[in-house]
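Below: the structure, in structure tokens.
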Amino acid sequence: MRQDTPITLPSDSELRAAGLPPERIAVRRASGSAGGTHVLYWMQASQREHVNPALEYALLAGHRLHLPVAVVFVLNSAFPAANMRHFHFMGEGLCDVATALAARRIPFVLREGAAADVIPGLARSAALLVMDRAYLRAPVAWREEVLRRTTCPVVEVEGDVIVPVETASDHEEYAARTIRPKINRQRERFLIPVRKQKTPAGSCDEVFAPVSRETIRTCIAALPVDRSIAPST
């Protein structure tokens, strides 16, 4: 039986050695249902394999836990105001992600639906769920709902701004001229290379069958979205 237990996460020294300042890491749940078979990285905001702190953190955690890593992306056809041109452009990028992850022997999984419905099911067998950070209202709400519906440990990684927001300022800023000096004072210690981690040994292909470029394109083409704005050449 799986029991609630704290998880051993990468230390601050390990993070710094990997080019991941600890300020980028937010442990949203430090303990949970133990006994998972893999580390699951829910890629949503940071749609890339290269220079992706959340991905490299997931791999670092996989080494720490001696578990393989899988990456999942959720296609939400109900995203406000999105049309086929948006999804086609995103799909071409996801094809590149799938190819790059395959070269690193990391399975990439694509699912359609609402993240709050999809991710909790996929995370049931995970020892750790890693998610990238978002700031817009809807994606933030997705992450909070996923957190409520999961039981495993959860870590959120900031990978899409140079200086994490809470590090830059501890209160709402009313003008660019007030926050710019605060960012400039901090930026050099965050402008460091993110080091690519080796892929942990083991496989979770039996749980997550990797998706191909052709499957991604077929899935995108079949989405029930506004087609009045066609894909761009």
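Just so it is clear, the values below take in all heavy atoms, side chains as well, and ignore hydrogens, waters and symmetry mates. Along the sequence shown, the residues carry numbers beginning at 1.
- A 6.0 Å sphere centred on OH of Y135 holds more than 12 heavy atoms belonging to other residues, nucleotides or ligands.
- The shortest side-chain heavy-atom distance between V109 and V211 does not fall under the 4.5 Å cut-off.
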Salt bridge (Lys or Arg N to Asp or Glu O under 4.0 Å) between R149 and D117, intermediate numbers included: CA-CA 9 Å; R149 294 190 188 185; D117 296 328; 2.8 Å; yes
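- For the atom pair OG1 (T199) and CG (L101), the distance works out to 8.5 Å, reported to the nearest 0.5 Å.
- Y57 and E156 form no side-chain donor-acceptor contact under 3.5 Å, judged by distance and modelled atom types alone.
- Although no hydrogens or angles enter the test, the distance criterion places no donor-acceptor pair under 3.5 Å between the side chain of R104 and the main chain of I106.
- Nearest approach of Y41 to A58, heavy atoms of both residues: CB-CB, 4.0 Å.
- One distance of note links NZ of K198 with NE2 of H63; it measures 8.0 Å at 0.5 Å rounding.
- Heavy-atom neighbours of R180 CZ from other residues, nucleotides or ligands within 6.0 Å: at or below the threshold of 12.
- For the atom pair CG of D160 and CZ of R24, the computed distance is 9.0 Å after rounding to the nearest 0.5 Å.
- Side-chain atoms of E188 never come within 3.5 Å of backbone atoms of R185 as a donor-acceptor pair (strictly under, hydrogens ignored).
- In this structure, N52 CG and K196 NZ are separated by 10.5 Å, a value rounded to the nearest 0.5 Å.
- Although no hydrogens or angles enter the test, the distance criterion places a donor-acceptor pair under 3.5 Å between the side chain of R29 and the main chain of T150.
- Shown here for S11 and R64, the closest heavy-atom pair between the two residues is N-NE, 4.5 Å.
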Test log, rule side chain to side chain contact (heavy atoms under 4.5 Å, CB included), inputs W142 and V74: CA-CA 11 Å; W142 300 346; V74 182; over 6 Å; no
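- Contact check on R133 versus E23 returns no salt bridge, with no Lys/Arg side-chain nitrogen under 4.0 Å from an Asp/Glu carboxylate oxygen.
- The closest donor-acceptor contact from the side chain of R143 to the backbone of D132 lies under 3.5 Å.
- Exactly one residue among L128, L65, V27 makes a side chain to side chain contact (heavy atoms under 4.5 Å, CB included) with P153. That residue is L128.
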